[in-house]
Amino acid sequence: MRLEGVLFFPVTPFGPDGDIAEPVLARHVAEGVEAGAGGVFPACGTGEFNALDLDDHARVVATAVEAAAGRVPVFAGAGGPLPAAKALARAAAARGADGLLLMPPYLVSGPPDGLVRYVREVADAAALPVIIYQRATARFTPAAVAELARTPHVIGFKDGLGDFDLLQRIVLTVRASGAQGFTFFNGLPTAELTVPAYRGIGVDLYSSAAFAFAPEVALAFHRAVTGGDEELARRLLTAFYLPLVELRDLVPGYAVSLVKAGVRLRGLDVGGVRAPLTDPAPEHVAELKEIIATGLEIAGAA
């Protein structure tokens, strides 16, 4: 199944007892797919991958797969310590996931050969299509990505660093290597803000955290970018995404907890975040509410 359009990273709902709220997650995913998501990525960064154990992860993936009902691809998060990453990959495969988003190994920064080995071992554990996520402790060289692009099951590369010089060299090296069907993604937090820059080096796909709570805005922006409506794209970047990023940067972890607050503001009780994240302060939730209202007004007018 092909990934295209706006990629949806659902939050992981928790009930009053702190446990996974599977019916709420099912509704969240189903509504996102019905709204027009081009792919679903459960148990990833926005879904608090860092705070899920193996059982949590398996339940989240199984619920997302069932709710997506084969309409779009479902790529589950995996990563961390190598044995855990393999176990998560196998569990995702067993629950029907279409692929994996492979996040960085835990704590240590390995050399290129070590990162290649890490990716290969996880990919082999599940035999699912794998998208590599470059960020934090996983920084790849162009040669390493070109080598992985020729590896069975490795189908894409998601950039979360924003080092455009490095990414341009990676893109050019992979394409010159003759790798077929390899896809690049913009994976920066609130990726829409950098979409024009990424598109300039040939990276069109991006993850959208905003889609989780404002799909109308996310889709309007995507249509504007792909349809050449530069004025609408600029208005949404200036009045919605820019203040959202400025609010996000006030407190560590707001890249996730603000998204969850936004989902609650739109009427779905997904609970709060697990430690070490914290829920946004009331004044920041009020500011987020205003940002969402502005974005919806612009998207509606368009």
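Nothing here was measured: the structure is a model prediction, and the numbers come from that model.
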Distance (rounded to the nearest 0.5 Å) between [X] [atom1] and [Y] [atom2]:
X      : Y      : atom1 : atom2 : result
Ile20  : Asp56  : CD1   : CG    : 4.0 Å
Lys289 : Arg264 : NZ    : CZ    : 13.0 Å
Thr137 : Leu115 : OG1   : CG    : 7.5 Å
Thr46  : Leu258 : OG1   : CG    : 11.5 Å
Leu232 : Ile298 : CG    : CD1   : 8.0 Å
Ile155 : Leu3   : CD1   : CG    : 6.0 Å

Hey, any chance [X] and [Y] share a hydrophobic cluster, counting ILVMFWY side chains that come within less than 4.5 Å of each other, even indirectly?
X      : Y      : value
Leu102 : Ile131 : no
Val130 : Phe157 : yes
Leu128 : Val119 : yes
Phe164 : Leu193 : no
Phe75  : Phe49  : yes

Would the distance check show the side chain of [X] and the main-chain N or O of [Y] forming a donor-acceptor pair, the cut-off being under 3.5 Å?
X      : Y      : answer
Asp98  : Val74  : yes
Thr294 : Phe240 : no
Thr183 : Gly156 : no
Arg95  : Arg59  : no
Lys158 : Phe185 : no
Tyr133 : Gly187 : yes
Arg150 : Ala146 : yes
Asp249 : Glu246 : no
Arg274 : Gly18  : yes
Thr194 : Ala197 : no

Mind running side-chain contact (heavy atoms from CB on, under 4.5 Å) on Val61 and His57 for me, showing each step along the way? CA-CA 6 Å; Val61 174; His57 180 275; 3.7 Å; yes
Counting C-beta onward and ignoring hydrogens, is there a side-chain heavy-atom pair between [X] and [Y] closer than 4.5 Å?
X      : Y      : value
Val263 : Lys260 : no
Leu25  : Thr12  : no
Thr278 : Pro252 : no
Thr226 : Arg199 : yes
Phe8   : His28  : yes
Val11  : Phe213 : no
Tyr254 : Leu288 : no
Asp159 : Val203 : no

Shortest non-hydrogen contact from [X] to [Y]?
X      : Y      : answer
Ser208 : Val6   : CB-CG1, 3.5 Å
Ala233 : Ala224 : N-CB, 3.8 Å
Pro276 : Asn50  : CD-ND2, 3.9 Å
Pro196 : Leu237 : CG-CD1, 4.3 Å
Glu4   : Leu205 : CA-CD2, 3.9 Å
Leu52  : Ala43  : CD1-CB, 3.9 Å

Greater than 12 external heavy atoms within 6.0 Å of Glu66's CD: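 Atom CD in Glu66 is not packed in, count stays at 12 or less.
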Should we say atom CD of Glu231 is surrounded by more than 12 heavy atoms from elsewhere, each under 6.0 Å from it?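 Count over threshold, so yes.
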With side-chain contact (heavy atoms from CB on, under 4.5 Å) as the criterion, how do Leu101 and Phe9 come out once you've worked through the C-alpha distance, each side chain's angles and the decisive distance to 0.1 Å? CA-CA 11 Å; Leu101 176 62; Phe9 286 67; 3.9 Å; yes
State plainly whether the residues Glu216 and Arg266 are in salt-bridge range, i.e. N to O under 4.0 Å.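 A salt bridge is present here (some side-chain N lies under 4.0 Å from a carboxylate O).
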Glu121/Arg117 salt bridge by N-O under 4.0 Å criterion: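 Judged by the 4.0 Å cut-off on N to carboxylate O distance, Arg117 and Glu121 do form a salt bridge.
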Run the ring-centre check on Phe221 versus Tyr241 and record whether the distance is less than 6.0 Å.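 Ring centres of Tyr241 and Phe221 closer than 6.0 Å.
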For Phe211 together with His222, are the ring centres under 6.0 Å from each other?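 Between Phe211 and His222, which both carry aromatic rings, the centre distance is not below 6.0 Å.
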Who are the side chain to side chain contact (heavy atoms under 4.5 Å, CB included) partners of Asp113, not counting sequence neighbours?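 Side chain to side chain contact (heavy atoms under 4.5 Å, CB included) list for Asp113, sorted by chain: empty.
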Test Asn186 against Glu192 for side-chain contact (heavy atoms from CB on, under 4.5 Å), laying out the working first. CA-CA 9 Å; Asn186 170 0; Glu192 283 91 345; over 6 Å; no
Audit row: Phe184, Ile170, side-chain contact (heavy atoms from CB on, under 4.5 Å) steps and yes/no: CA-CA 10 Å; Phe184 292 93; Ile170 289 172; 3.8 Å; yes
In the hydrophobic clustering that connects Ile, Leu, Val, Met, Phe, Trp and Tyr at side-chain heavy-atom distances below 4.5 Å, which members other than Val273 occupy its cluster, ordered by chain and number?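 Via sub-4.5 Å side-chain contacts, Val273 links to Val256, Leu277.
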